[in-house]
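Since the structure comes first, as structure tokens, the remarks are kept for the end.
Hydrogens, waters and symmetry mates are skipped; everything else that's a heavy atom, side chains included, is used.
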Amino acid sequence: MDKIDRKILHELQLDGRLSNQDLAQRVNLSPSPCLRRVRRLEEQGVIRGYTAIIDQKRFGFPLTVFTRISLARHDTETVAKFERRVREIDEIIDCFVLTGQRDYQLRVVAASLEDYERFMRDTLHTIPGIGSIDTSFAFGVVKQAPSLPHL
């Protein structure tokens with residue numbers, strides 16, 4: 001990946017709806033080589049897809065909750081079942097494997113405190129193998145970058 005590829009990626013992160021013509025102009029290429037580079041980045045899996053960034057509050061999910069999970073056991077089956085179940089739950093936006101005292105950190109969105117309580121009781125607590133759950137509510141956002149750093 002060279003400097004031009006990085007410029008292409010930066011511009012697409014800022015505006016994924018750019019036409020190839022506009023993108024080519026922004027990175028100082030003609031349209032055909034620009035399109036070839038974009039297609040190559042897609043084929044290599046560097047560009048995994050295109051999406052819209054939705055305002056979660058306006059969409060009806062004003063609460064962001066960070067939920068840290070410790071598993072009771074760390075055998076292959078328990079870990080696999082937990083991770084498979086987490087992937088199926090829409091309210092869980094992100095799930096990270098951690099080092100330290102907790103095994104996972106989830107970013108969960110909810111419509112209300114009552115909705116989150118229902119999520120905990122009816123969804124999260126039903127996953128086998130969880131040893132403990134620790135929850136923090138986000139009061140606000142200082143930074144939420146829509147793109148990776150520009151190198």
Side-chain angles (χ1 to χ4, degrees), residues 1-20 22-23 26-27 34 37-151:
M1 187 177 331
D2 64 13
K3 190 175 181 177
I4 295 172
D5 287 340
R6 290 184 184 281
K7 285 174 73 174
I8 288 170
L9 293 170
H10 177 72
E11 293 298 332
L12 286 173
Q13 286 181 105
L14 295 176
D15 184 356
R17 295 181 62 168
L18 279 174
S19 69
N20 183 60
D22 290 339
L23 178 61
R26 288 186 187 190
V27 299
C34 183
R37 282 176 176 263
V38 170
R39 296 290 183 244
R40 182 176 43 78
L41 290 165
E42 291 170 345
E43 289 167 6
Q44 292 173 340
V46 177
I47 297 174
R48 295 186 340 199
Y50 299 87
T51 189
I53 300 170
I54 307 297
D55 184 299
Q56 82 179 55
K57 288 180 184 175
R58 290 184 180 180
F59 193 67
F61 295 100
L63 290 180
T64 298
V65 186
F66 295 100
T67 306
R68 287 162 300 283
I69 305 286
S70 293
L71 296 180
R73 296 174 308 284
H74 295 90
D75 59 275
T76 304
E77 184 179 344
T78 300
V79 169
K81 283 182 179 179
F82 174 80
E83 291 180 1
R84 183 172 41 255
R85 184 68 183 108
V86 162
R87 284 187 202 96
E88 297 170 349
I89 301 169
D90 290 340
E91 294 90 346
I92 298 173
I93 305 302
D94 296 309
C95 175
F96 297 94
V97 180
L98 304 175
T99 62
Q101 294 181 343
R102 304 287 186 225
D103 298 315
Y104 297 91
Q105 178 158 310
L106 313 177
R107 182 168 62 101
V108 178
V109 295
S112 65
L113 285 173
E114 294 81 12
D115 200 40
Y116 183 71
E117 179 184 5
R118 192 170 27 263
F119 165 80
M120 288 290 290
R121 291 178 186 272
D122 299 344
T123 305
L124 207 54
H125 285 164
T126 66
I127 300 174
I130 293 178
S132 68
I133 299 172
D134 178 53
T135 298
S136 298
F137 292 90
F139 288 136
V141 178
V142 174
K143 179 180 179 181
Q144 192 171 28
S147 63
L148 295 174
H150 181 58
L151 301 174

When you look at [atom1] of [X], are more than 12 heavy atoms from neighbouring residues, nucleotides or ligands closer to it than 6.0 Å?
X	atom1	answer
F59	CZ	no
E88	CD	yes
Q101	CD	no

Worksheet item: Can you list every salt bridge (charged side-chain N to carboxylate O under 4.0 Å, His left out) pair that touches residues 131-147, not counting sequence neighbours?
Response: R68-D134
At what distance, to the nearest 0.5 angstrom, does [atom1] of [X] lie from [atom2] of [Y]?
X	Y	atom1	atom2	value
C34	D22	SG	CG	10.0 Å
L124	T67	CG	OG1	6.5 Å
L9	I4	CG	CD1	12.0 Å

Discussion item. Test: ring-ring contact (aromatic ring centres under 6.0 Å, His included). Region: residues 83-121. Which pairs qualify, not counting sequence neighbours?
Written reply: F82-Y104, Y116-F119, Y116-F137
Any side-chain to backbone donor/acceptor pair from [X] onto [Y]? Under 3.5 Å, distance only.
X	Y	answer
Q56	F61	yes
Q105	L98	no
T123	M120	no

Minimum heavy-atom distance [X]-[Y], with the two atoms named:
X	Y	value
R37	D5	NH1-OD1, 2.8 Å
I8	L41	CG2-CD1, 4.2 Å
S147	Q13	CA-OE1, 3.2 Å

Discussion item. I'd like to know whether H125 forms a side-chain contact (heavy atoms from CB on, under 4.5 Å) with I133, so could you lay out the CA-CA distance, the side-chain angles of the two residues, the decisive distance to 0.1 Å, and finally the verdict.
Written reply: CA-CA 9 Å; H125 285 164; I133 299 172; 3.4 Å; yes
Discussion item. Taking the basic N atoms (NZ, or NE/NH1/NH2) and the acidic carboxylate oxygens, is any pair closer than 4.0 Å for E42 and R39?
Written reply: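 Result for this pair is yes, salt bridge flagged.
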Non-neighbouring partners of [X] that pass side chain to side chain contact (heavy atoms under 4.5 Å, CB included), sequence neighbours left out:
X	answer
D115	A110, A111, S112, R118
D55	K57, R58
A138	T64, F66
T76	none

Residue list, salt bridge (Lys or Arg N to Asp or Glu O under 4.0 Å) with [X], at least two apart or on another chain:
X	result
D90	none
R48	none
D75	R73
E11	R26

Discussion item. Contact between I89 and I127 at the side-chain level, heavy atoms closer than 4.5 Å - yes or no?
Written reply: yes
Worksheet entry | R121: side-chain hydrogen bond (donor to acceptor under 3.5 Å, both in side chains) partners, not counting sequence neighbours | E117
Worksheet, complete the sentence: Residues at least two apart in sequence or cross-chain that pass ring pair (Phe, Tyr, Trp, His ring centres under 6.0 Å) with H10, listed by chain then number, are H150
